[in-house]
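Okay, structure first, notes after.
Basis for what follows: all heavy atoms, side chains included, without hydrogens, waters or symmetry-related copies.
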Protein chains: 2
Amino acid sequence: MQLIQNISDELILYGIKPSYHRIKIYEYIVNNNIHPTVDTIFKTLSNEIPTLSKTTVYNTLKLFEEQKLIKSVNIEENEIRYDARKNIHGHFKCERCGKIYDFDYNYNDLKYKGLEHFIFNKTDIMIKGICKLCASEN
Amino acid sequence: MQLIQNISDELILYGIKPSYHRIKIYEYIVNNNIHPTVDTIFKTLSNEIPTLSKTTVYNTLKLFEEQKLIKSVNIEENEIRYDARKNIHGHFKCERCGKIYDFDYNYNDLKYKGLEHFIFNKTDIMIKGICKLCASEN
DNA sequence: TGCATAATTGTAATGATTATAAAATAAAAA
DNA sequence: TTTTTATTTTATAATCATTACAATTATGCA
Ligand SMILES: [Mn+2]
Ligand SMILES: [Mn+2]
Ligand SMILES: [Zn+2]
Ligand SMILES: [Zn+2]
């Protein structure tokens, strides 16, 4: 569990005014490293904040991403997921159990051909398949 | 321009019965390497086939992907694009002009940590940024 | 306190995709 | 060729995540 103070400071560091809702939403994403959807965030926090609006969740996540506090993970066609981890990593989605795994890779060795003088803003490696657990269950 | 015969044969090779619509749709994707959306495919082919239904385009693309004839490219949050190129390659989306570029990379050197015994079905490298052309325009 | 600004809310609109059932076409059987 | 059956295509409605918008509430400051 992270202290409210740290969460608030981090928002400020990224140029975001730390309102109560924003703190709660960012805190949730940081403490629950499950790449949640808007709906998951909304439903979970609604218990604690009954007046919370889904529009606020959308607006807040959009603001967070613009300010580069979080990243959206576009591994599913039909919904956007969110990630607060700042280190470079890829995502694996198990097509059987639905879980999304983080993984590291040797990005320094990765060489792109034909993208000289292109400006990179966001790089994603997305893999779909069957996770170790599901694969062992046969 | 590819011959109808080749297109038809390739569909059969992938276990797809080559109906007129299916041939036209696959032919379009192969001959127009622009990662088209469903809407682009539908609108373009509608000129030639006025009775074409958008549902048919959806159904056909779904069938093609299930049979591994084509791949869906999920680089945009709000729409799916389609690609008939079979070689391994990544995608770059220019955030200014919207164009999607193919690029090659040294996939043999890519090492994933923590995915031992995971089964891979589909791997995608997606990059967003500004393309060379747009970057030079300042 | 009163005013300006920012944040939040609720509802409606959008738009891509999917579901469904009917119609058209093709293939198989008689 | 006719009849029957299976496949493909179509049109329309439903779904659902996201966005637009305008009203309301909260915050900061003179
Ligand atoms: Mn992650
Ligand atoms: Mn491509
Ligand atoms: Zn699994
Ligand atoms: Zn560009």
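Comparing dT10(D), dA7(C), dT9(C) by their closest approach to the side chain of Asn59(A) singles out dT9(C). Each of dT9(D), dA7(C), dT9(C) was ranked by its minimum atom distance to the side chain of Lys17(A); first place goes to dA7(C). Side-chain atoms of Val38(B) lie closest to dT17(C) of the nucleotides dT17(C), dA7(C), dT9(D). Listed nucleotides dA6(C), dT10(D), dA20(D) differ in distance to Thr55(A); the shortest reach to its side chain belongs to dA20(D). The listed nucleotides are dT9(D), dT9(C), dA17(D); the one nearest the side chain of Glu79(A) is dA17(D). Distance from the side chain of Tyr58(B) is smallest for dA16(C) among the nucleotides dA16(C), dA7(C), dT9(D).
Note: CG (Leu61(B)) to P (dT18(C)) measures 11 Å, nearest angstrom. Rounded to a whole Å, the NZ atom of Lys62(B) is 16 Å from the C1' atom of dT8(D). Between Ile23(A) atom CD1 and dT8(C) atom C1' there is a gap of 15 Å when expressed in whole angstrom units. Distance CD1 (Ile80(B)) to P (dA17(D)): 14 Å, rounded to an integer number of Å. The interatomic distance linking Glu77(B) (CD) with dG15(C) (P) rounds to 15 Å, in whole Å. Here dT8(C) presents its C1' atom at 17 Å from NZ of Lys24(A), a figure rounded to the nearest Å. Put simply, CZ on Phe42(A) is 13 Å from C1' on dA17(D), counting in whole angstrom units. Rounded to a whole Å, the CZ atom of Arg22(B) is 16 Å from the P atom of dT25(C).
Regarding contacts with the backbone of dT10(D), a side-chain N or O of Thr51(B) is found under 4.0 angstrom from either OP1 or OP2. The phosphate of dT10(D) has OP1 or OP2 within less than 4.0 Å of a side-chain N or O from Thr56(B). The phosphate of dA26(D) has neither OP1 nor OP2 within less than 4.0 Å of any side-chain N or O from His21(A).
Counting heavy atoms of neighbouring residues, nucleotides and ligands inside a 6.0 Å radius, atom OH of Tyr107(A) does not exceed 12 of them.
Side-chain atoms of Asp104(A) and His89(A) form no donor-acceptor pair, as typed in the model, at a separation below 3.5 Å. Thr37(A) and Glu79(A) share no donor-acceptor pair across their side chains, judged by distance under 3.5 Å alone.
Aromatic rings of Tyr101(A) and Phe118(B) (six-membered ring for Trp) have centroids within the 6.0 Å cut-off, being under it.
Shown are Phe92(B), Phe103(B), Tyr105(B); of these, the ring pair (Phe, Tyr, Trp, His ring centres under 6.0 Å) with Tyr112(A) is made only by Phe103(B).
Nearer to the 5' terminus of DNA chain C, by closest-nucleotide assignment, is the contact made by Leu52(A) (compared with the other of Lys54(B) and Leu52(A)). Between Asn78(A) and Ser53(B), the one whose closest nucleotide on DNA chain D sits nearer the 5' end is Ser53(B).
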